Amino acid sequence: MSTPTKPIALTRFLIEAQRAGHINPDLRLLIEVVARACKAISHAVSKGALGGVLGEAGTGNIQGEAQKKLDVLSNEILLEANEWGGHLAGCASEEMDDFSKIPNAYPKGNYLLLFDPLDGSSNIDVNVSVGTIFSVLKCPDGIDELKTEHFLQPGTQQVAAGYTVYGPSTMLVLTIGHGTHEFTLDRELGSFLLTKRDLRIPADTKEFAINMSNQRHWFPPMQRYASELLAGKTGPRGKDFNMRWVASMVADVHRILTRGGIFIYPRDQKDPDKPGRLRLMYEANPMSFIVEQAGGAATNGAQRILEIQPEKLHQRVAVFLGSKNEVEVATRYHLEAQG
Ligand code: F6P
Ligand code: MN
């Protein structure tokens, strides 16, 4: 009988990545700090009602959304963990109007961290999976004072991105630009252990994820695409599709990374000023990087998400991501409609 191989801890994985020249020691330690903060968030989330952390915080964020106690707590955990890390010049978060400089960092770090501290927060109070999404950019060299414009870099500039999903188990999915890898939190050891190296998203799928309740607000190409999915075997697509919608982006994307699928949050006519629901800098960009590194694709219906030049920190964007061939079909329908 062969002895089972010992799983590799995140720490060793990162040291090996450093030895291979994929990351430098600063980025390695920054990822370690973020992973440690995510363990603390996982701990708080798992306490549920016993931790007194459920329910509304009684405040709102810049996007006019009511903040939950866990949104605020997760944001604080990430900020505090990074405050003394020394690897960051600044942080931006879904839960903060403006970016925050790192007050205690000396010498000042070279990286910018952007995050959605608790994604899917409408699911917190009903005990359904939620998560944390993060993106790491390099701080431009030679700047005197950190400004919002320094964060506004296209997703292609990301040096690392990841998410954790707080589900039946807590998982961390990470890319440093050399594939996408999955780690599972061993709660007894308190470490993330590598459970899948090089995730690959199947190019074809029969599963889509969308909030169908918005259908009446969609634009014509989206109406056409969805009606063809729903028409199944007897329709133009010639196959039956299944639908899943957790309403936590982390959980829906995690399913797609595991078994394929397409995740869609289109622009719609409910609020024409909003070009989609999801935020570019700390939701769409990191997820697109992760998905592309796993062989999938991500567009806004017109172009690759990672190539969009951001204009605002909290900018919204339409999202089509997942199995490559399916994202291509949905994008083609949108491009054809533009003529
Ligand atoms: O962060 C935004 C978010 O909560 C995502 O996690 C999720 O995919 C989406 O919004 C859910 O949207 P809706 O409430 O329309 O289903
Ligand atoms: Mn979110």
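Since the model is a prediction, treat every value here as computed from it, not as a measurement. By convention here, the first residue in the shown sequence is residue 1. Each ligand, and each atom within it, is numbered from 1 in the order the structure gives.
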So if I apply the side-chain contact (heavy atoms from CB on, under 4.5 Å) rule between Ser288 and each of Thr156, Val319, Ile305, which one comes out positive? Ile305
Report the part of Phe263 (side chain from C-beta onward, or backbone N, CA, C, O) that has a heavy atom under 4.0 Å from ligand 1; answer both or neither where that applies. side chain
Where does Leu278 meet ligand 1, judged by heavy-atom distances below 4.0 Å: at the side chain, the backbone, both, or neither?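 Side chain only; the backbone of Leu278 stays clear of ligand 1.
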Membership question, hydrophobic clusters at under 4.5 Å side-chain separation (ILVMFWY): are Val250 and Ile77 in the same one? no
Should the pair Glu65-Arg277 be classified as a salt bridge under the 4.0 Å nitrogen-to-oxygen rule?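 Between Arg277 and Glu65 there is a salt bridge, with a charged N closer than 4.0 Å to a carboxylate O.
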Distance filter under 4.0 Å to [X] heavy atoms, resulting ligand 1 atoms:
{"X": "Met249", "result": "5 (C), 6 (O), 7 (C), 8 (O)"}
{"X": "Asp119", "result": "1 (O), 5 (C), 6 (O)"}
{"X": "Arg279", "result": "1 (O), 2 (C)"}
{"X": "Glu283", "result": "1 (O), 2 (C)"}
{"X": "Ala247", "result": "4 (O), 6 (O), 7 (C), 11 (C), 16 (O)"}

How far is atom 15 (O) of ligand 1 from its nearest protein heavy atom, and which residue and atom is that?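 Minimum-distance protein heavy atom for atom 15 (O) of ligand 1 reads Tyr265 OH, 2.5 Å.
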Which residue and non-hydrogen atom of the protein lie closest to atom 13 (P) of ligand 1, and at what distance in Å? Asn211 ND2, 3.5 Å
For ligand 1, find out whether one of its N or O atoms is nearer than 3.5 Å to an N or O atom of Arg277.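 Right, the criterion is met.
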Examine Glu94 against ligand 1 and note whether any of their N/O atoms are separated by less than 3.5 Å.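 Glu94 vs ligand 1: no N/O contact under 3.5 Å.
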Shortest-distance N/O/S atom, Asp119 versus the Mn ion (ligand 2):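 For Asp119, the N, O or S atom at the smallest distance from the Mn ion (ligand 2) is OD1.
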So, of the N/O/S atoms that Glu283 has, which is the nearest one to the Mn ion (ligand 2)? OE2
Are side-chain N/O atoms of Glu95 and Gln67 paired as donor and acceptor at under 3.5 Å? yes
Please indicate whether Lys47 has more than 12 foreign heavy atoms, meaning atoms of other residues, nucleotides or ligands, lying under 6.0 Å from its NZ. no
I'd like to know if the side chain of Ser323 and the backbone of Asn325 have a donor-acceptor N/O pair within less than 3.5 Å.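 No; judged by distance alone, with no hydrogens or angles, the pair does not exist.
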Do Phe151 and Phe99 have ring centroids that are under 6.0 Å from one another? yes
Tyr265 side, atom OH; Arg316 side, atom CZ - distance, nearest 0.5 Å: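 Spacing of OH (Tyr265) from CZ (Arg316) equals 9.5 Å.
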Lys/Arg cation over aromatic Phe208: Arg244, 6.0 Å, 45° cone: no
Would you sort out whether Tyr225 and His334 count as a ring pair (Phe, Tyr, Trp, His ring centres under 6.0 Å), showing the intermediate values? CA-CA 9 Å; Tyr225 174 66; His334 283 76; 7.5 Å; no
2.8 Å cut-off met by an N, O or S atom of Asp116 to the Mn ion (ligand 2):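 Short answer: yes, at least one N, O or S atom is under the cut-off.
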Under 4.0 angstrom from ligand 1, any heavy atom of Gly120? yes
